[in-house]
Asker: 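Below you'll find the structure I mean.
So you know, we letter chains A, B, ... as the sequences are listed, proteins then strands, and number each from 1.
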Amino acid sequence: MTLKPILQGLSFAVASTVLSTAAIAEDPIKVGVLHSLSGTMAISETTLKDTVLMMVEQQNEAGGLLGRPLEAVVVDPASNWPLFAEKARELLTQEEVDVIFGSWTSVSRKSVLPVLEELNGLMFYPVQYEGEESSKNVFYTGAAPNQQAIPAVDYLRNELGVERWVLAGTDYVYPRTTNKILEAYLMDLGVAEEDIMINYTPFSHSDWQSIVSDIKTFGSAGKKTAVVSTINGDANVPFYKELGNQGVSSADIPVIAFSVGEEELSGFDTSPLVGHLAAWNYFQSVDADVNYDFIDMWHAYIGDEDRVTNDPMEATYIGFKMWVQAVEQAGTTDVDAVEQAMIGQTVANLSGGTAVMNRNHHLSKPVLIGEIQDDGQFEIVWQTAGVVPGDAWSDYLPGSKMLLADWSAPLKCGNYNTETGTCSGTVY
Amino acid sequence: MKQALLMFGCWLALWSTPTVAETDTTSSYDDLLMALTEADLNATQPILEKIEATGHPEVLSLFQTLLDGNLHFRKADQVLLSIVDVNGTDQYTEFQSGTAIEPLGRRDVSKIRVNNNLRNFLSSAIGRLQLRSSEPDLRSAAVLSLLTTLDAATADDLAELRREESNRTVLSSIDLALAMYSARSANTVAAQITAIDTLSDRLQPEARNLLFDLERNADNPAVREAATAALKKIDGKVTFYGYVDQLFFGLSLGSVLLLAAIGLAITFGVMGVINMAHGEMLMLGAYTTYVVQLLMPGFINYSLWVAIPAAFIVAGLFGILIERCVIRFLHGRPLETLLATFGISLILQQLVRTVFSPLNRRVAAPDWMSGSLEINPVLSLTYNRLTILIFALIVFVALLVIMKKTALGLYVRAVSQNRDMAKAMGIKTDRVDALTFGLGSGIAGIGGVALSQLTNVGPNLGQAYIIDSFMVVVFGGVGNLLGTLVAAFTLGIANKFLEPVTGTVLASILVLVFIILFIQKRPKGLFPQRGRAAE
Amino acid sequence: MTALSHTAELMRRDQVWPFLQPPAASINVDKDILLYIEDLNLSFDGFKALNNLNLYINDGELRCLIGANGAGKTTLMDVITGKTQCDSGSVFFGQTINLLKYSEADIAELGIGRKFQKPTVFEAQSVFDNLELALKSNKRLLPTLLARLSPSEIDRIDTVLATIGLTDHRFQLAGALSHGQKQWLEIGMLLVSEPRLLLIDEPVAGMTAEETERTAELLTSLAGKHTVVVVEHDMEFVRSIARTVTVLHQGSVLAEGSMDHVQNHPDVIEVYLGEAP
Amino acid sequence: MSLLTTFMSRRNSLGSPVLPFVTILMTLTVLAAIGNLWIPADSALHVSTYTITLLGKYLSFAMLALAVDIVWGYCGILSLGHGAFFALGGYAMGMYLMRQIGSRGVYGDPILPDFMVFLDWDVLPWYWLGMDQFWFAMLMVLLVPGLLAFVFGWLAFHSRVTGVYLSIITQALTYALMLAFFRNEMGFGGNNGLTDFKDLLGFSLQADTTRVALLLCTAGLLAAIFMFSHWVLKSRFGKVIEAIRDGEPRVRFLGYRTDRYKVALFVYSAMIAGIAGALYVPQVGIINPGEFAPLNSIEIVVWVAVGGRGTLYGAVIGALLVNYAKTRFTALMPDGWLFMLGALFVLVTLFLPKGLAGVYGQLITSWKRGRNRDEPPQRNQEATS
């Protein structure tokens, strides 16, 4: 008696799924969108949801895929990590989507991963991350540490003559890994230990007075100092505001960030920050016709000329285009066939070059260094000559030096130990 | 850099003898400008050096435009344009002719890019150009930019300038530069030691670094000793000012906590409503600031003065609405107000997400709040923190006056202490409730205006502060405004003094544990309310 | 229950919970005085609620405390029952037990029961449950969790229910009782707990004349077996039950003796001038 | 059971909710289990694995709601920090599951979990020792939340911290723990928490049979805890607890050491929350410091309020309903579901102060009154501070 509402609800749920699958005649290809629309991550992820919807719309206008229309299925995992796994399962088993575009944080990806592997789903992950992972079921279209951090440090050393380093980050796995890689890399280059300062802060840290003041003190030792920032999300605005207010100019102590893009900058007045840096694989200010086309398409779709584009959007764009090509090449949406077809797929990226999907499920991308301008955009001041292939396993970490990811036959392994010749982790 | 100094010398020479053939420089100046549009980033600096050397009267304005990132050129004919953003629209001007032109598409113009190196060069070049500027601040900054790179010739020049200089700040800067020069390269040990002595009164990091260097590398042991002594003196001061700095940081954090919590001290403390939507009132205040700035784009400097009353009204009205529609039905059921207001907070967050998008909004800082008050080279108080500290105190005093001196305050206290009695005395308790809640929410809105200057203006703004706010009010003692003040500053200062020792996260944890233990010792907070009303 | 079985009960507990052992409590009334209150002082923010108060209650007597509002009657009860800490002075239960060292629950277990001015029964529970809670029993965690009502306990509750006239309302929620019935219930809760000393604050407020009469009978019958201290404003009621009356004024004893004695006491007349009766 | 029924027949005129509750709960879960394992996937009666995991999650949450209801509904202790006990239980289970991965982790280290290899740790921290033993881990599921609740409760109740002060410091407790667990130095995986579990007692967590077994286990434990809690709360102990809620000082004057009763109940409740957490983790596959977030704990309270506090089945129904609504709304209207959820909370507090169980109770009462005019109406009781 008391459980009646739940029973009713369950039968309703079952009935509605049955109905919805029966009602559609032409059998569309379903694209799952797994981005938080509420909670703390909504600020970043909502844009990516819109990007996927835009790409789906564009593909449908171009005649769909394999003669079938695309249909986007949007769910809201509400920035709740266990909910990501649950929603992924819902997308794969209830909605029966053929591919998922989703996740932003590493923890949400880690949460989804077992579900993807169990149900053999396919997901495109569009955000720069710490590496140390390669799953058969995930394609990583964002940057690995070697596509952001290492070139950025090289730039600071070679172009700006930086000798003293502050590695400041939010206390979670991406900054920890990046900073460990950078520390090892800098030590290899002969930087003394006292010339490296590492600092971690909690998520959404808002009071940066002491830390900025420490950075100022650290930077007044006579050697050129730079801050390598892996500070995440919300915490950046108060951090940069404090930098501006305490008069830390880019001329004295440049800050190079790996998580600050156009969208983060659109949230505040950047005039005190002009000259601080960011390293990405794409900037909105890239001077290329394909980029201008993309921006125009975005503005037309979203109906707001002031909305910016950013790197994870480009990663989503590349991922979507590649998936479409792979499906066309495979002639089916079957995950195993698409997965094999994905490897070696090339798509024109938005910075005028070509993105290539490598055998480790990571992309080859160019690395761009940009300086913040007072209009919230980046001025590209340096870029790699060609593209850099993404490393799933870092060469600078003792635990992963000998690991290799290769999903093409015959190896088909995400973490192959070249020393012992074994494939650990999930085996297929 | 050396080259630049050479130029500087040349330029000084040019300045004193302004009789170079005009035609020559003009033509090469035009060529150089053309070259500027073709050069890539690494080739730009030599061109700029040559441009500086021409001494053309437009150099200062050219450099300034370039530094501001406003210098572009038309792709078609390589004519330099300055594109300036005036109130949200770009105004295109041909740089040399100064004639305004029609706006062009972004594919038709290209920007002359500058990077940090160029920016450094440009600002020091501008500094040099302004060494004899009429502004003392500019002169002083120009001297300070030369501190570590003085050579014999420039030192002589500076000594020359010193004779004509009357401004004390500039004089002090020149003295510092000269002292650093002699400490490094004076001929006699005695002169070096005298210079080191002078430096021991200075707190500039450059001076300190020089002393470090001398302490380690000077040939003469007497110089090394003098450097050690000077360093000791400086370090003592630096440590002292470090504490002053931390105290200020603590006060500043305290003022933020106070602004966040003070509205809650009314709605929760006085009315007993566990107002989980308090954070969203802060958020509404911050968004009001954003909207006000949208509505008056040209007057950012005054926008806050409009935003403060506007935020008070907006948040206050929302508060009254919430009170009328929900909370008045929940009198005497404080824990249920928690649930209802939690629901309201979810609704308000999603409302803001729907209306303003989930992205953070850009709230500009007025000029008078940016920068810092430099007390000495190691101690500077940022203006926005200072303003917010003072603002928090003003709001606090104003609220205290309202509660203690006005009829509304009297009614509020009466109703909170004994509702039935107050009703019997003819006080319209319904109205008082609505107004009180409106007042608390309005004050929170004002707090939101201040927070918009420090942090993200987004849908999550409120959640970031709600827990801290409750901690402050409970620690201070529910129903006691003074307690809230003391609690806010205590927690702020404690946090900031713990931070360097334990790190940020542990400091927050320790403060929380401290609050938990403190409540065991004094279950009603710092300043418990006495009497039966508190039960 | 006899002192022997009481001690046996204590002994049994000792074996189970040696570390939770309550202080060995045997009440020494060799001098026939149950409660010694000496030099008691207490002030709230400068207001002297109790001022060098001295009071002795004999074992088995029925004592009435009267006095104007703020005379310190309720405060005195608060101090005796451990609700309020006094500033100085001593309160002894019998000759050996210093009550000031005990908590409310300990004091209740020592055998001091209290009825509050405002009836405080547990409104969400039935009349029967209210009485069950008050029952004299082992009040530690485990025994309470495993407690089953023994037939003798049920009889005891039934007897009290009959005494307080609530037999028909036994399964009714206490919150649904009338004010007078709540007063009775609270008295009933005192009775089932079989205290040595009963502190009763304004028992007849809100009762009808008939109920008042019954209360008077009840209290009188209790005296002897129990020691009873009653605070009351209703002078008629006091007159009907009192043997000894103590008048409190501004935190100290103004007069003490029989009703007639205190009524004719010059100090009392001065203080109560113009007041009834 | 017979003990319970005799108890009920004598005391509770409304009839015991225990039997119908347990019967419905167990029937439903067994039916779901059969539907998942033995009915072919193309049949209309087939229950998908998605539904099974969802049900498992709901039931863990229901258990958590039960824990909160026991302290809040029955004793008036509004804990805004029960998420902490839930998460601690979850972490204990997560640590066991982590150790079970063995050398199947991405780095193939037989002892250290992946995240420790990742952070260059050489040895297992002492508090991970023994967690590879199931019995030990289960002991920790009970002991860690229980011990924390004991220390915290002993301090707080002994100093007579009550009402909102107590609520706020419980919130501080879970907030502090959240910050602590976010720290990577703590050795609990930082923000990423513990994930990538493989198997439990040798059964693969990805197998449908394991999932169904976990669901049945959750339902069974929920039923057992429900019955035991019912028995506890109907005993004299329970009456003392309810009396404390309605007038703690009075209970003290009856000779009960109320602080000990509250501590005992708080510890009991925390242990239930710990069990709920331990059941939750293998079913959702991840435990992360986000579970400590104060907002989560507030949400639990909301479930209880929606269902109706002070009745055990009310808490369970509230948790099931609100979570089901969340699941449906987040899929049906991803952009607007918070409006619905927020409105639900406001409306329930305004119009159903005793929650859904209150409505049910009122219906029963009025029905009974129709039959028996003598029965007085059930008063709305205020159970707040």
Side-chain angles (χ1 to χ4, degrees), chain A residues 37-40 42-47 159-160 171 199-202 204-207 209-211 213-214 217 219-222 234 236-238 241-242 244-247 250-251 254 263-264 266-269 271-272 274-275 277 285 287 289 292 304 307 371 373-376 379-382, chain B residues 41 68-69 85 106-107 110-111 113-117 119-120 123 148 205-206 208-210 212-213 245-246 248-249 252-253 256 349-350 353 357-365 370-372 378 380 382-385 453-460 463-464 495-496 499-500 503-505 508:
Chain A
L37 309 179
S38 57
T40 48
I43 171 177
S44 305
E45 293 194 59
T46 318
T47 311
E159 307 285 321
L160 301 185
D171 189 7
N199 180 289
Y200 290 108
T201 41
S204 305
H205 188 60
S206 63
D207 196 281
Q209 300 178 88
S210 318
I211 292 165
S213 148
D214 286 351
T217 318
S220 62
D234 289 15
N236 276 301
V237 171
K241 282 194 173 173
E242 194 63 40
N245 286 323
Q246 292 203 21
S250 56
E263 193 146 292
E264 285 76 15
S266 70
F268 60 105
D269 179 18
S271 39
V274 170
L277 304 143
S285 59
D287 190 13
D289 279 336
Y292 290 129
D304 179 359
R307 284 292 290 273
E371 284 184 0
Q373 304 297 299
D374 57 359
D375 57 357
E379 188 68 54
I380 298 159
V381 292
W382 183 87
Chain B
L41 274 174
D68 293 344
D85 184 346
R106 63 171 174 248
R107 297 181 200 216
S110 195
K111 188 169 177 177
R113 298 186 297 171
V114 281
N115 62 10
N116 274 321
N117 287 345
R119 226 174 262 120
N120 279 349
S123 35
T148 48
E206 290 88 350
R208 197 148 157 260
N209 290 336
L210 175 66
F212 264 127
D213 192 43
D245 220 17
Q246 266 179 26
F248 175 71
F249 292 161
S252 160
L253 179 61
V256 173
Q349 273 175 46
Q350 194 62 25
R353 240 179 234 127
S357 97
L359 303 179
N360 285 337
R361 297 286 98 180
R362 176 196 292 231
V363 173
S370 40
S372 50
V378 291
S380 50
T382 57
Y383 280 123
N384 74 334
R385 295 277 177 182
Q453 292 300 315
L454 291 176
T455 185
N456 298 282
V457 178
N460 301 329
Q463 294 193 354
N495 214 320
K496 282 295 155 188
E499 230 175 66
T504 334
V505 189
S508 324

Asker: Hey, what do you get for OG (A:Ser266) to CZ (B:Arg361), rounding to the nearest 0.5 Å?
Answerer: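 So the gap between those two atoms works out to 6.5 Å.
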
Asker: Nearest 0.5 Å, please: how far is CG in B:Leu253 from CD in A:Gln209?
Answerer: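 The distance works out to 7.0 Å.
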
Asker: Which residue out of A:Asp207, A:Asp289, A:Thr46 racks up the most heavy-atom pairs below 4.5 Å with chain B?
Answerer: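 Ranked by contacts with chain B, first place is A:Asp207.
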
Asker: Where do A:Lys241 and B:Thr455 land on the side-chain contact (heavy atoms from CB on, under 4.5 Å) test, with the steps shown first?
Answerer: CA-CA 8 Å; A:Lys241 282 194 173 173; B:Thr455 185; over 6 Å; no

Asker: Which atoms of A:Thr47 come close to chain B, meaning under 4.5 Å heavy atom to heavy atom: side chain ones, backbone ones, both, or neither?
Answerer: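 Only the side chain of A:Thr47 comes within 4.5 Å of chain B.
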
Asker: Considering only heavy atoms, which portion of A:Gln246 lies under 4.5 Å from any heavy atom of chain B: side chain, backbone, both, or neither?
Answerer: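 When you check distances to chain B, atoms from both the backbone and side chain of A:Gln246 fall under 4.5 Å.
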
Asker: With a 4.5 angstrom heavy-atom cut-off, which part of A:Asp171 approaches chain B: side chain, backbone, both or neither?
Answerer: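 Nothing of A:Asp171, per the 4.5 Å heavy-atom cut-off to chain B.
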
Asker: When A:Val237 is tested against each of B:Asn456, B:Val363, B:Leu454 for side-chain contact (heavy atoms from CB on, under 4.5 Å), which residue passes?
Answerer: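 The option that passes is B:Asn456.
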
Asker: So which of A:Glu264, A:Glu45, A:Glu242 has the biggest tally of heavy-atom pairs under 4.5 Å with chain B?
Answerer: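 So the answer, after comparing A:Glu264, A:Glu45, A:Glu242, is A:Glu242.
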
Asker: Please evaluate residues A:Ile211 and B:Thr504 with respect to the criterion side-chain contact (heavy atoms from CB on, under 4.5 Å), reporting the C-alpha separation (whole Å), side-chain torsions for both, the decisive distance (0.1 Å), and the verdict.
Answerer: CA-CA 9 Å; A:Ile211 292 165; B:Thr504 334; 4.0 Å; yes

Asker: Highest number of heavy-atom pairs under 4.5 Å with chain B: which of A:Pro254, A:Ser250, A:Ala42, A:Ser204?
Answerer: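 Ranked by heavy-atom pairs under 4.5 Å with chain B, first place is A:Ser250.
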
Asker: Do you know the tightest heavy-atom contact between B:Gln350 and A:Ser38?
Answerer: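 Residues B:Gln350 and A:Ser38, closest heavy atoms: OE1-CB, 4.3 Å.
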
Asker: If you count heavy-atom pairs under 4.5 Å with chain A, which of B:Arg385, B:Lys496, B:Gln453 comes out on top?
Answerer: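 Result: the option with the highest number of such pairs is B:Arg385.
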
Asker: Given A:Ser213 and B:Asp245, is the side-chain contact (heavy atoms from CB on, under 4.5 Å) satisfied, shown in steps?
Answerer: CA-CA 9 Å; A:Ser213 148; B:Asp245 220 17; 3.8 Å; yes

Asker: Please lay out, stage by stage, how A:Arg307 and B:Leu359 fare under the test side-chain contact (heavy atoms from CB on, under 4.5 Å).
Answerer: CA-CA 10 Å; A:Arg307 284 292 290 273; B:Leu359 303 179; 3.5 Å; yes

Asker: Quick one, B:Gln246 with A:Ser210, criterion side-chain hydrogen bond (donor to acceptor under 3.5 Å, both in side chains). Give me CA distance, side-chain angles, the key distance, then yes/no.
Answerer: CA-CA 7 Å; B:Gln246 266 179 26; A:Ser210 318; over 6 Å; no

Asker: Chain B: which of A:Asn236, A:Val381, A:Asn245 shares the most heavy-atom pairs with it under 4.5 Å?
Answerer: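 Heavy-atom pair counts peak at A:Asn245.
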
Asker: Quick check on A:Leu37 against chain B: is it the side chain, the backbone, both or neither that has a heavy atom closer than 4.5 Å?
Answerer: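 It is the backbone, since no side chain atom gets that close.
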
